[in-house]
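Since the structure is predicted, the reported quantities are computational estimates derived from the model, not experimental observations.
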Amino acid sequence: MDSVMVRAENLVKSFGHNTVLKDISVEVKRGEVMCLIGPSGSGKSTFLRCINHLEVLSGGRLYVDGDLIGYREKNGKLFELKASEAAAQRRDIGMVFQRFNLFPHMTALENVIEAPLRVKKQPKAQAIARGKELLDRVGLADKFDSYPAHLSGGQQQRVAIARALAMDPKLMLFDEPTSALDPELVGEVLDVMKHLAQSGMTMIVVTHEMGFAREVADSLVFMDDGYVVEAGNPEDVLTKPQHERTKAFLSKVL
């Protein structure tokens, strides 16, 4: 089995005349955690959205678990997959956004079991048992019947993580999952992510939490202006950056 879970080869993404990703090539091994850091507008979130084909590539190729994402290749040419085929690929990739995007009219448990019931056609009893297990795993065993309006931001984000895990993804993407939270609620979400990393889940995390990156990440990537400026061991990148742009960024956030 290929040890690489995500392989990006010379990715380019443009919106009109604005090129947001410029020749991005990175690899994430199975079971690894990669953290992406960098200033706003550097292309980090766009890169994540390309991985599950929420954005269509302008150039390059992207593979998850050996499968070309969003396209079929024939005679050296790429043909975009039908929406239903792309959605099928997306089922195996969990994503947690800055905003929790929970259904406000559903309880925590109903939010978690919705996709397994509708998309995977799981038996309801099985989905409920798994949903309760996942909510317990993220520390919300006492909130099964609570609606999002009655949960704190940190609790809502933990429900969102449980919801993503309910589809049994092979890869988890986190797009600044703590940036919308009050500072005192950040820790409870990061703790869930640490436990997830320890369980062997492959994760790519866009974050401003340098302590989390230092402690949990296997690799750290600094992006700026659509380029990977520097990548490597988190401790090395954070304490001995090689590029002036990395040094300037870290001097403001550490």
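- Atom CE in Met172 sits 11.5 Å away from atom CD1 in Ile93 (nearest 0.5 Å).
- In this structure, the separation between CG on Asp92 and CD1 on Ile69 is 8.5 Å, given to the nearest 0.5 Å.
- Looking at Arg49 and Thr46, their side chains never come closer than 4.5 Å, going by heavy atoms from C-beta outward.
- Here the CG-CD1 distance, from Leu62 to Ile51, works out to 6.0 Å after rounding to the nearest 0.5 Å.
- If you chain together ILVMFWY residues whose side-chain heavy atoms come under 4.5 Å of each other, Met106 ends up grouped with Phe103.
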Q: Go through the steps to decide whether Phe212 and Val189 satisfy the test side-chain contact (heavy atoms from CB on, under 4.5 Å), and finish with yes or no.
A: CA-CA 11 Å; Phe212 173 83; Val189 173; over 6 Å; no
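- Using a 4.5 Å heavy-atom cutoff, the side chains of Cys50 and Leu21 are in contact.
- Proximity of Val96 to Leu173: side-chain heavy atoms (C-beta onward) are nowhere separated by under 4.5 Å.
- Phe100 has its side chain out of reach of Leu151: every pair of non-hydrogen atoms, C-beta onward, lies at least 4.5 Å apart.
- A salt bridge links Asp168 with Arg130: at least one charged nitrogen is closer than 4.0 Å to a carboxylate oxygen.
- For Arg90, there are no side-chain hydrogen bond (donor to acceptor under 3.5 Å, both in side chains) partners, not counting sequence neighbours.
- Counting all heavy atoms, side chain and backbone alike, Arg214 lies closest to Thr239 at NH1-CG2, 3.6 Å.
- Among pairs with a residue in residues 228-254, those fulfilling ring-ring contact (aromatic ring centres under 6.0 Å, His included) read Phe222-Phe249, at least two apart in sequence or across chains.
- Using a 4.5 Å heavy-atom threshold, the side chains of Leu250 and Ile37 count as touching.
- Among residue pairs with one or both ends in residues 167-199, none qualify as ring-ring contact (aromatic ring centres under 6.0 Å, His included); sequence neighbours excluded.
- Counting only distance, with no hydrogens or angles, the side chain of Glu188 and the backbone of Val186 share no donor-acceptor pair below 3.5 Å.
- Remark: Asp225 does not engage Arg245 in a salt bridge, criterion side-chain N to carboxylate O under 4.0 Å.
- With rounding to the nearest 0.5 Å, the separation of CZ in Arg72 from CG in Asp67 is 12.0 Å.
- Side-chain N or O atoms of Thr107 include one that pairs as donor or acceptor with a backbone N or O of Glu110 at under 3.5 Å.
- Electrostatic pairing of Glu27 and Arg7 counts as a salt bridge here, judged by a charged N lying under 4.0 Å from a carboxylate O.
- Partners of Val228 according to the side chain to side chain contact (heavy atoms under 4.5 Å, CB included) rule, which considers only residues two or more places apart in sequence or in another chain, are Ile24, Val26, Val221, Met223, Ala231.
- Taken together through direct or relayed side-chain contacts under 4.5 Å among Ile, Leu, Val, Met, Phe, Trp and Tyr, Leu165 and Met95 form parts of separate hydrophobic clusters.
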Using atom types as modelled, flag every donor-acceptor pair under 3.5 Å from a side chain in residues 201-211 to any protein atom, sequence neighbours excluded.
unit_1 : atom_1 : unit_2 : atom_2 : d
Thr202 : OG1    : Gly31  : N      : 2.7
Thr207 : OG1    : Glu209 : N      : 2.9
His208 : NE2    : Glu176 : OE1    : 3.4

For residues 139-149, tabulate all N or O donor-acceptor pairs below 3.5 Å that involve a side-chain atom, not counting sequence neighbours.
none

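- Side chain of Lys13 to backbone of Glu55: no donor-acceptor contact under 3.5 angstrom is found.
- With sequence neighbours excluded, the residues forming a side-chain hydrogen bond (donor to acceptor under 3.5 Å, both in side chains) with Ser45 are Asp175, listed by chain and number.
- Contact between Ser152 and Leu185 at its shortest, heavy atoms only, is CB-CD1, 4.2 Å.
- Linking Ile, Leu, Val, Met, Phe, Trp and Tyr whenever their side-chain heavy atoms come within less than 4.5 Å puts Tyr71 and Leu48 in one cluster.
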For residues 117-129, tabulate all N or O donor-acceptor pairs below 3.5 Å that involve a side-chain atom, not counting sequence neighbours.
unit_1 : atom_1 : unit_2 : atom_2 : d
Arg118 : NE     : Glu114 : OE2    : 2.3
Lys120 : NZ     : Met167 : O      : 3.0
Lys121 : NZ     : Arg118 : O      : 2.9

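- Contact check for Lys22 versus Val12: no side-chain heavy atoms found under the 4.5 Å cut-off.
- When the side chains of ILVMFWY residues are joined at heavy-atom separations under 4.5 Å, either directly or via intervening members, Met5 and Leu196 end up in two distinct hydrophobic clusters.
- In plain terms, the two heavy atoms of Leu220 and Ala213 that are nearest each other are CD1-CB, 3.9 Å.
- To the nearest 0.5 Å, the span separating CD on Glu235 from CD on Glu215 amounts to 11.5 Å.
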Q: Would you check, one step at a time, whether the test side-chain contact (heavy atoms from CB on, under 4.5 Å) holds for Val6 with Leu171?
A: CA-CA 9 Å; Val6 180; Leu171 169 68; 3.6 Å; yes
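- At a threshold of 4.5 Å between side-chain heavy atoms, the hydrophobic network of Ile, Leu, Val, Met, Phe, Trp and Tyr places Val4 and Leu68 in two separate groups.
- Shown here are the side-chain hydrogen bond (donor to acceptor under 3.5 Å, both in side chains) partners of Asn101, two or more places apart in sequence or in another chain: there are none.
- In summary, the side chains of Glu9 and Ser25 do not present any donor paired with an acceptor at a separation below 3.5 Å, with no hydrogens or angles considered.
- The minimum heavy-atom distance between Val64 and Lys170, with the atom names listed, is CG1-CD, 4.3 Å.
- By the 4.5 Å heavy-atom criterion applied to side chains, Asp218 and Lys29 are not counted as neighbours.
- In plain terms, the two heavy atoms of Gly131 and Val112 that are nearest each other are CA-CG1, 3.8 Å.
- A donor-acceptor pair is defined here as one N or O able to donate and one able to accept, closer than 3.5 Å; no such pair exists between the side chain of Glu230 and the backbone of Thr246.
- The number of heavy atoms from other shown groups lying within 6.0 Å of NZ (Lys194) is above 12.
- Between Gln98 and Gln157, the closest heavy-atom pair is O-NE2, 3.6 Å.
- With rounding to the nearest 0.5 Å, the separation of OG in Ser219 from CG in Asp236 is 12.0 Å.
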Q: Would you sort out whether Leu102 and Arg163 count as a side-chain contact (heavy atoms from CB on, under 4.5 Å), showing the intermediate values?
A: CA-CA 9 Å; Leu102 299 179; Arg163 180 179 58 181; 3.8 Å; yes
Q: Might you work through the side-chain contact (heavy atoms from CB on, under 4.5 Å) test for Val216 and Met193, ending with a clear yes or no?
A: CA-CA 9 Å; Val216 178; Met193 293 170 64; over 6 Å; no
Can you give me every donor-acceptor pair (side chain of residues 76-84, partner residue at least two apart or in another chain, under 3.5 Å) with its distance?
unit_1 : atom_1 : unit_2 : atom_2 : d
Glu80  : OE2    : His53  : NE2    : 3.2

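- By the rule that hydrophobic residues join a cluster once side-chain heavy atoms approach within less than 4.5 Å of another member, Met34 and Leu190 end up as members of separate clusters.
- Listed by chain and number, the hydrophobic cluster partners of Phe15 are Val20, where partners are ILVMFWY side chains within reach of under 4.5 Å, directly or through others.
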